[in-house]
Amino acid sequence: MLRVLGPTSQLKTALCFPPHHLRALPSSRPWGAGMASAQLLQFSRLPPQFPRTTSQSPTYYRPCHSAAGTNPRRSIRCWSSSSGRSPEPESGDSAVKDVERLLEEKRRAELAARIASGEFTVGQSGLVPTILSGLGPAGKFLAEFVERLGGGGGREGDRPEIPQARGSIAAVGGQAFFIPLYELFLTYVASISDPRRILRDNSKAYSKGILAEILEFVMGTGLIPADGEIWRVRRRAIVPALHQKYVAAMISLFGEASNRLCDKLDAAASDGEDVEMESLFSRLTLDIIGKAVFNYEFDSLSVDNGIVEAVYTVLREAEMRSTSPIPTWEIPIWKDISPRQKKANEALKLINTTLDELIAICKRMVEQEELQFHEEYMNEQDPSILHFLLASGDDVSSKQLRDDLMTMLIAGHETSAAVLTWTFYLLSQNPRVMAKLQEEVDTVLGDRFPTIEDMKKLKYTTRVINESLRLYPQPPVLIRRSQENDVLGKYPITRGEDIFISVWNLHRSPKHWVDAEKFNPERWPLDGPNPNETNQNFSYLPFGGGPRKCVGDMFATFETVVATAMLVRRFNFQIAVGAPPVEMTTGATIHTTEGLKMTVTRRTRPPVIPTLEAKEVLTIDGSNQISNGSSIPEGDQQGEVSTARL
Ligand code: HEM
């Protein structure tokens, strides 16, 4: 865990520039032997830049903005891949970019070697120095980053103070600010802290802090940013809306929407056109979440109307705010005249008006309904969460309701799109996994639309999603602010500290995972339980943990399983020839820097050879079911080599 010390005012500065004081807890935790540890945290506004390939390249961080004295080339371009449009091209031609990339890789490799050699290590009684702190004043942070680690290890009262590493980044001059952090983490911070206290055991002592501040303009006091009593009341109202019958009903929605995407891909395959999958996944999940949350047909896979554009404008604004060096949206006058601000405000107004209309329509529907509300209540015509909330008599202001809907729209859209994007990237890099996945999907589904029963049978597909979420957690960082003094193990936390839990590091820590960087769905046994934070002892947090755990975990798992299954049974996916390298950047979730450009080809499945042999399919509870393998339909395009069989 890395923590940002100092009062909020300092933090505000830190939001604009790298944090003044970053400290990480040391590895020798006094508690929780053998249990999960939270890991080095990266600053939320300085998002991580991840390895270009999933397995071999070193992981590194890249600053999201340039500051005085930094090379603007290294700024992360925070375009929203969700926009469905290509990102702005970077200045300079591709040859220049290649050279830059090579130089950066070289620098990174050199630094990794220096870290690995222990150059930054300063011995400390019994503790491996783990701290990255004492970052210089904002304007000078790149000039003075990490002086040689001169461990703190001082004592505060009768408690040890978290040891600190101070230093100058002159040693790594020319490096982007966050590039070294993951290597430093791997070398110095094998195990830092336990997220259970913050997320679960003492969760009441922590709020969403800066996250709530950043998201206020779009989510208000919706469930994600809300704290205290508002959160408690709203959580109690919303969780029941995602009951089992509702999630089961959503399976057909997932299937229909995925089928529309298949049609699009089919057309592209016919035309021999490459497709940018990240923006298509963004549209797929927007269509799904709009219908699921407030019964609205965005139809963004087919059209680019005003409301779709407005949603992306607002999302881009939220991402920009979470990565911007200067909070221009808070500057008086400027915020009223800036064209970008005006556009964002207009977009938000349009969305709010639309949501108000949808709430009004739904209220009328509920009034006309002969309503018998019960636990698993669902209106067949409109199974949306909004309908459930209104039918339940949820006593809430329209503004709060709107905030909650908006929150779920964003929470359930970007995350699922990112999961699908990185899943398909991983599959493209791992043909063996893809073949096994396709075999399962062929066997379980054939050409049918998935049903809720299939969710138990698509076990390997689920493991692929589990593993993709391990390697690419969405979001990669959880954010909290201490509301009172607390103690993490033997280390004191004072009120008002902002704390960033890097799920990314946790999920890739060699301490917890064998071949941590390898995409290996087999690490999760098919007959084992579905991995979650509890049965993985908080070393796996794909949906968070504790009272603030995601309310849409089941929804999202089924959604991504259905979409993946429907797509891979019809198509093969490869990174398009000449596509830009798939690199990472982050807003709220991990995006690619330049899209996921793929070549999609129709699959040809092998002719069905009738067999009397029954095939075993494992169910979620570990029991075996018999499924007849002859449900695999005949391939419609003969002649292609099938990958459906291992
Ligand atoms: C694969 C997709 C998804 C992922 C990876 C994901 C992940 C997460 C995570 C990690 C958290 C915890 C955040 C924290 O502790 O700070 C969270 C919270 C939340 N998620 Fe999701 N989510 C997904 C889909 C959804 C969907 C589909 C919905 C709505 C239908 C949703 C609604 C929420 C809400 C409302 C919260 C806040 C809960 C609270 O604070 O009480 N999420 N999500």
Side-chain angles (χ1 to χ4, degrees), residues 54 251 254-255 258-259 261-266 268-269 275 277 280-281 284 419-451 453-469 471 518-524 526 557-576 596 598-609 611 613-619 625 627-646:
T54 54
I251 304 285
F254 303 154
S258 303
N259 202 41
L261 175 53
C262 285
D263 291 343
K264 255 187 128 61
L265 296 182
D266 204 52
V275 281
M277 291 304 294
L280 289 175
F281 284 137
L284 169 71
V419 172
L420 287 168
T421 299
W422 293 107
T423 300
F424 276 72
Y425 168 70
L426 288 165
L427 289 171
S428 73
Q429 306 299 298
N430 294 274
R432 181 197 62 82
V433 175
M434 178 61 129
K436 198 167 163 185
L437 173 66
Q438 286 175 324
E439 184 183 283
E440 176 182 85
V441 174
D442 290 346
T443 307
V444 174
L445 289 186
D447 275 354
R448 280 190 297 107
F449 272 76
T451 64
E453 286 74 33
D454 295 321
M455 296 305 100
K456 288 183 195 153
K457 298 175 195 161
L458 290 169
K459 283 187 154 270
Y460 190 70
T461 317
T462 309
R463 295 294 174 259
V464 166
I465 298 295
N466 300 146
E467 180 69 346
S468 165
L469 267 165
L471 284 171
K518 190 176 169 205
F519 177 57
N520 178 22
E522 281 77 9
R523 75 174 70 241
W524 313 105
L526 285 189
T557 305
F558 289 169
E559 176 189 21
T560 46
V561 163
V562 168
T564 302
M566 291 201 51
L567 263 60
V568 303
R569 86 169 162 199
R570 280 183 62 182
F571 305 102
N572 286 318
F573 294 83
Q574 265 146 0
I575 301 288
L596 180 65
M598 300 191 109
T599 302
V600 178
T601 46
R602 295 190 193 101
R603 283 182 67 213
T604 300
R605 276 161 275 171
V608 177
I609 302 161
T611 169
E613 219 177 285
K615 215 173 179 129
E616 278 186 355
V617 179
L618 284 166
T619 60
Q625 285 201 352
S627 135
N628 190 337
S630 67
S631 66
I632 301 172
E634 280 193 8
D636 44 359
Q637 282 80 40
Q638 300 298 323
E640 287 180 26
V641 177
S642 166
T643 52
R645 294 217 164 143
L646 287 172

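Throughout, residue positions are numbered sequentially from 1 according to the sequence presented. Hydrogens, waters and symmetry mates play no part in the numbers below; they use all other heavy atoms, side chains included.
- Pairing each heavy atom of Leu445 with each of Ala565, the nearest pair is CD1-CB, 4.0 Å.
- Between Met434 and Phe573 there is a side-chain heavy-atom pair separated by less than 4.5 Å.
- Judged as a side chain to side chain donor-acceptor pair (under 3.5 Å), and not counting sequence neighbours, the contacts of Asn466 are Arg463.
- Partners of Asp266 by salt bridge (Lys or Arg N to Asp or Glu O under 4.0 Å), not counting sequence neighbours, listed by chain and number: Arg570, Arg602.
- Minimum heavy-atom separation, Leu567 to Cys262: CD1-SG, 3.8 Å.
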Could you walk me through whether Val433 and Tyr460 pass side-chain contact (heavy atoms from CB on, under 4.5 Å), step by step? CA-CA 9 Å; Val433 175; Tyr460 190 70; 3.5 Å; yes
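- The shortest non-hydrogen separation linking Phe571 to Arg603 is C-CG, 3.6 Å.
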Could you go step by step and tell me if Phe519 and Val464 meet the side-chain contact (heavy atoms from CB on, under 4.5 Å) rule? CA-CA 9 Å; Phe519 177 57; Val464 166; 4.0 Å; yes
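- Although no hydrogens or angles enter the test, the distance criterion places a donor-acceptor pair under 3.5 Å between the side chain of Arg523 and the main chain of Lys518.
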Take Lys459 and Glu440, measure what salt bridge (Lys or Arg N to Asp or Glu O under 4.0 Å) needs, and give me the verdict at the end. CA-CA 8 Å; Lys459 283 187 154 270; Glu440 176 182 85; over 6 Å; no
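- Side-chain contact between Trp422 and Leu471: absent, with no pair of heavy atoms (C-beta onward) separated by less than 4.5 Å.
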May I have the step-by-step check of side-chain contact (heavy atoms from CB on, under 4.5 Å) for Leu596 and Ile575, ending in yes or no? CA-CA 7 Å; Leu596 180 65; Ile575 301 288; 3.7 Å; yes
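- Proximity of Ile465 to Thr564: side-chain heavy atoms (C-beta onward) are separated by under 4.5 Å at one or more points.
- Side-chain contact check for Thr599 versus Asn572: every heavy-atom pair is 4.5 Å or farther apart.
- The heavy-atom pair separating Asp454 from Val444 by the smallest distance is OD1-CG1, 3.8 Å.
- Between the CZ atom in Arg569 and the OG1 atom in Thr461 there is a gap of 11.0 Å [rounded to 0.5 Å].
- In this structure, the separation between CG on Leu420 and CG on Leu280 is 11.5 Å, given to the nearest 0.5 Å.
- The structure places CE of Met566 at 11.0 Å from CG of Leu265, a figure rounded to the nearest 0.5 Å.
- Here the straight-line distance linking atom CG of Leu427 with atom CZ of Arg432 works out to 11.0 Å at 0.5 Å rounding.
- Of all heavy-atom pairs spanning Ala563 and Ser258, the tightest one is CA-OG, 3.4 Å.
- In this structure, the side chains of Tyr425 and Met598 stay at 4.5 Å or more apart for every pair of heavy atoms.
- In terms of heavy atoms, Met455 sits closest to Pro450 at CE-CB, 4.0 Å.
- Below 30°, between 30° and 60°, or above 60°: for Phe424 and Phe281 the angle between ring planes is between 30° and 60°, a tilted geometry.
- Proximity of a side-chain donor or acceptor of Asn520 to a complementary backbone N or O of Glu522 within less than 3.5 Å is detected.
- Listed for the Asp442 side chain is no donor-acceptor partner under 3.5 Å among the backbone atoms of Glu439.
- Checked against side chain to side chain donor-acceptor pair (under 3.5 Å), Thr462 has no partners two or more places apart in sequence or in another chain.
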